[in-house]
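Below is one structure; the comments refer to it alone.
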Amino acid sequence: MTAAVMPARTPKGENHVSDIMLKRRRLKPALMACAAGVTLLASPALAQERRVDGEKILELLVAKGVISRGDADAIISQAEVVTPAPQSQAAIPPGGVAADGTQIVPYVPQMVRDQIVQQVRAELGTQAQSEGWSKPGETPEWTRRITLYGDVRLRGEARFYDKNNGDIFTNYGAINHGSPQNVNDLTPGWIPPAFVNTLEDRQRVRLRARLGVKARIDDWITADVRIATGADNSPISLNQTLGADGTGKYELWLDRASFRLTPMKDVNVDFGRFANPFWVSDLMFDNDMNFDGVAVSSRASIGKRFALFGAAGAFPVFNTDLNFGSRNAPEGKGGPYKSKDKYLLAAQAGFDFKPTDRINVRLGAGYFHYTGVEGEVSAPCYWYELTCSTDATRPAFQQFGNTMFPIRNIIPDPNDPVGSPKNQYFGLATGFRILNLRGAVDYKASDSFGVRFEGDFVKNLAWNRSKVAARAWNNLGPQISVPDPAKPGQTLLIDGPYDGGSIGWSSRVTVGSVLNLNWYGDWTAKPGDWNAYAGYRHLESDAVIDAFADSDMHIGGTNNKGWTVGGNYAFGKNTIFGVRWLSADQIADAPFSVDRIFVDLMTRF
């Protein structure tokens, strides 16, 4: 038999308690849900993305029977209206590198970034415009302060010597540039000096190249540096003979290095090594010659048709070696010798006058005073000494023409006074204080044709004939017969008296579209430009220093006279073909005639 199990009966009070506990158990999950909702509502991340409605949550709880309608209304009535606080942005961390190596880049708002872009664009635009690189094809401002210039010239040269020339012209330049020459032909084993070629024709092709840079440092300061070719350190030639050293490369020399100050309009002050500041011709200074030292030049216009110009300067010509002195003098008589520095002090003034628009007249006068260039007789110097006290007074460089004399006062060997060697150097027999007058008249018939007449005159005011004649070893007159004191009734030939001079002059006429084409000064030429010229010159032996005079007439230097005829034609921009013929004779001493022909191909930039 199965017994039925009947549910236990619970007292009435116990059932009421059970209902309350059941409701509490049901309310607990609902309250947890409300708390979770409130927590989500308080979450910053969620608050930024969505909003949760609290009233809808209460309505849902009433519908589920979790709470009564009265309880829900009571909750709503007790709710507070709270204004939400404005959300604060998180602080932007400073940029940099953290301790762990992390690169921190601060956040920059878009508005700030746009402002930065606009500011940078404005600043770069201003800088680009001021420096000239804002537009295609333009260059930075600093490059417009630099100017390159130069030229290249190829020259063919032929020398033709007259067959009746004398052949006994001592090469004093070679002696003074090397070891002293023994002038006592009675010395056993005597060797004669080097002589100048006067009989054998010569031909050669020569190259000249120059490249310079001019820089404008400031509105009133400029600098100029130029390098050039050259066979040696001659002050008057930049030519390099092709093939002179086989296939060897050529040397480059510092031809110019100077800076110029312009403290006021039309006033220039040059320092260093610079172009010739004077308006002179090649009677005095070769076209390639530059000047060391300081010079002031100026030009001032007075009205539209008249202007004054002038220049002055001081220039070292030679500076004594720091260790100049005897190398093997007797004890107590050696030591360093006094300095024998040489200088040129010069000044020039002139004017330009334009009586009409087609005519210009220019006249100038200058004075050029050299100090220390005249040779000096030394203190007594033993025959075996290598250096005597005035050796530095001999020319450091010379061409041909000036009168020379021996400068060493030699004490002969007492054991052989007749055959004792007399090793000599040679100095200039006169000082030089030169007056120069120059004039030119230009007539411009049209833009494509003009005529120029020009002339020069030089006079050495320091020259004294009797003084020079008493010491001269060259530039003597024709040989003469005199009675032979050793052989009664017979005669012998001796050199004539000194026949040199102190005056020089030249004249020249030029026609063409560019009157100074391939000549002094700067020039530009377009295809078809041309000129032609003819001139004559007479330059006596001691009128100027032969070292600095024109290197093309005769064999270069002084003591010559003759004609020049030539012309130039531009077959391209600043590119010319030129031909020149020079025929010259020596003025004093034995016959010496030379014809020279130059053929030039030149371009400049």
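A quick note: this is a predicted structure, and the numbers were derived from the prediction, not measured.
Between Glu374 and Lys467, at least one side-chain N (NZ, or NE/NH1/NH2) sits under 4.0 Å from a carboxylate O, which counts as a salt bridge. Salt-bridge formation is not detected for the pair Asp266/Arg299: no Lys NZ or Arg NE/NH1/NH2 atom is positioned less than 4.0 Å from an Asp or Glu carboxylate oxygen. Contact check on Asp600 versus Arg208 returns no salt bridge, with no Lys/Arg side-chain nitrogen under 4.0 Å from an Asp/Glu carboxylate oxygen. Here Lys340 pairs with Glu376 in a salt bridge; the nearest charged N to carboxylate O distance falls below 4.0 Å.
Taking CG of Asp585 as the reference point, atom CH2 of Trp563 lies at 12.5 Å (rounded to 0.5 Å). From Asn176, atom CG reaches atom CZ of Phe426 across 7.5 Å, with rounding to the nearest 0.5 Å. The CG atom of Asn239 lies 7.0 Å from the CG atom of Asp288; values are rounded to the nearest 0.5 Å. For the atom pair CG (Asp292) and CZ (Phe315), the distance works out to 9.5 Å, reported to the nearest 0.5 Å. Note that CG of Leu539 and OG of Ser506 are 9.0 Å apart. Values are rounded to the nearest 0.5 Å. Atom CZ of Arg202 is separated from atom CG of Asn197 by 5.0 Å, given to the nearest 0.5 angstrom.
Note on ring orientation: taking the six-membered ring where Trp is involved, the planes of Phe548 and Phe285 are tilted (angle from 30° to 60°). Aromatic ring pairs are classed by plane angle as parallel below 30°, tilted from 30° to 60° and perpendicular above 60°; the pair Trp505 and Tyr536 is tilted. Note: Phe169 and Phe400 have perpendicular aromatic rings, judged against thresholds of 30 and 60 degrees for the angle between ring planes.
A side-chain donor-acceptor contact under 3.5 Å links Thr241 and Arg206. Side-chain N/O atoms of Thr403 and Asn475 include a donor and acceptor closer than 3.5 Å. If you check the side chains of Asp341 and Thr320, you find a donor sitting under 3.5 Å from an acceptor. Between Ser551 and Gln399, the side chains place no donor N or O within less than 3.5 Å of an acceptor N or O (distance only, hydrogens not considered). Checking Asn290 against Asp255 by side-chain atom types alone, a donor-acceptor pair falls below 3.5 Å. Judged by distance alone, the side chains of Thr510 and Asn531 never bring a donor and an acceptor atom under 3.5 Å apart. Side-chain atoms of Asn268 and Thr262 form a donor-acceptor pair, as typed in the model, at a separation below 3.5 Å. Remark: the Asp542 side chain and the Ser502 side chain contain no N/O donor-acceptor pair separated by less than 3.5 Å. Of the N and O atoms on the side chains of Asn460 and Tyr370, not one donor lies less than 3.5 Å from an acceptor on the other residue. Remark: the Asp546 side chain and the Tyr172 side chain contain no N/O donor-acceptor pair separated by less than 3.5 Å.
Of the options Asn409, Thr387, Thr393, Ile410, a side-chain contact (heavy atoms from CB on, under 4.5 Å) to Ser378 is made by Asn409 and by none of the others. Of the candidates Asp495, Asn474, Ile168, Asn474 is the only one forming a side-chain contact (heavy atoms from CB on, under 4.5 Å) with Asp589.
When atom types are taken as modelled, the side chain of Asp442 and the backbone of Val361 share no donor-acceptor pair closer than 3.5 angstrom. Checking side-chain atoms of Trp253 against main-chain N and O of Gly230 turns up a donor-acceptor pair under 3.5 Å. When atom types are taken as modelled, the side chain of Asn171 and the backbone of Pro193 share no donor-acceptor pair closer than 3.5 angstrom. Ser298 places no side-chain N or O within 3.5 Å of a backbone atom of Val267 that could act as its donor or acceptor partner. At least one donor-acceptor pair closer than 3.5 Å links the side chain of Thr229 to the backbone N or O of Leu238. A distance-only check finds a donor-acceptor pair linking the side chain of Gln348 to the backbone of Trp279 [under 3.5 Å]. Within the 3.5 Å criterion, the main-chain N or O of Trp523 finds a donor-acceptor partner in the side chain of Arg604. Judged purely by atom type and a 3.5 angstrom limit, Trp190 uses its side chain to pair as donor or acceptor with the backbone of Asn182. The closest donor-acceptor contact from the side chain of His538 to the backbone of Ile587 lies at 3.5 Å or more, if one exists at all.
Counting non-hydrogen atoms of neighbouring residues, nucleotides and ligands closer than 6.0 angstrom, the CG atom of Asp522 reaches no more than 12 such neighbours. In the displayed structure, Lys459 atom NZ is contacted under 6.0 Å by more than 12 heavy atoms of other residues, nucleotides or ligands.
Within the structure, salt bridge (Lys or Arg N to Asp or Glu O under 4.0 Å) pairs that include any residue of residues 159-169 comprise Glu157-Arg159 (at least two apart or interchain).
With Trp519 as the aromatic partner, Arg508 meets the cation-pi criteria of under 6.0 angstrom to the ring centre and within 45 degrees of the ring axis. Figure legend: cation-pi geometry between Arg438 and Phe278 absent, as NZ or CZ is not positioned both under 6.0 Å from the six-membered ring centre and within 45° of its axis.
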>> Determine whether Arg226 and Val213 satisfy the following criterion, side-chain contact (heavy atoms from CB on, under 4.5 Å), listing intermediate values before the conclusion.
In response: CA-CA 6 Å; Arg226 189 173 78 177; Val213 178; over 6 Å; no

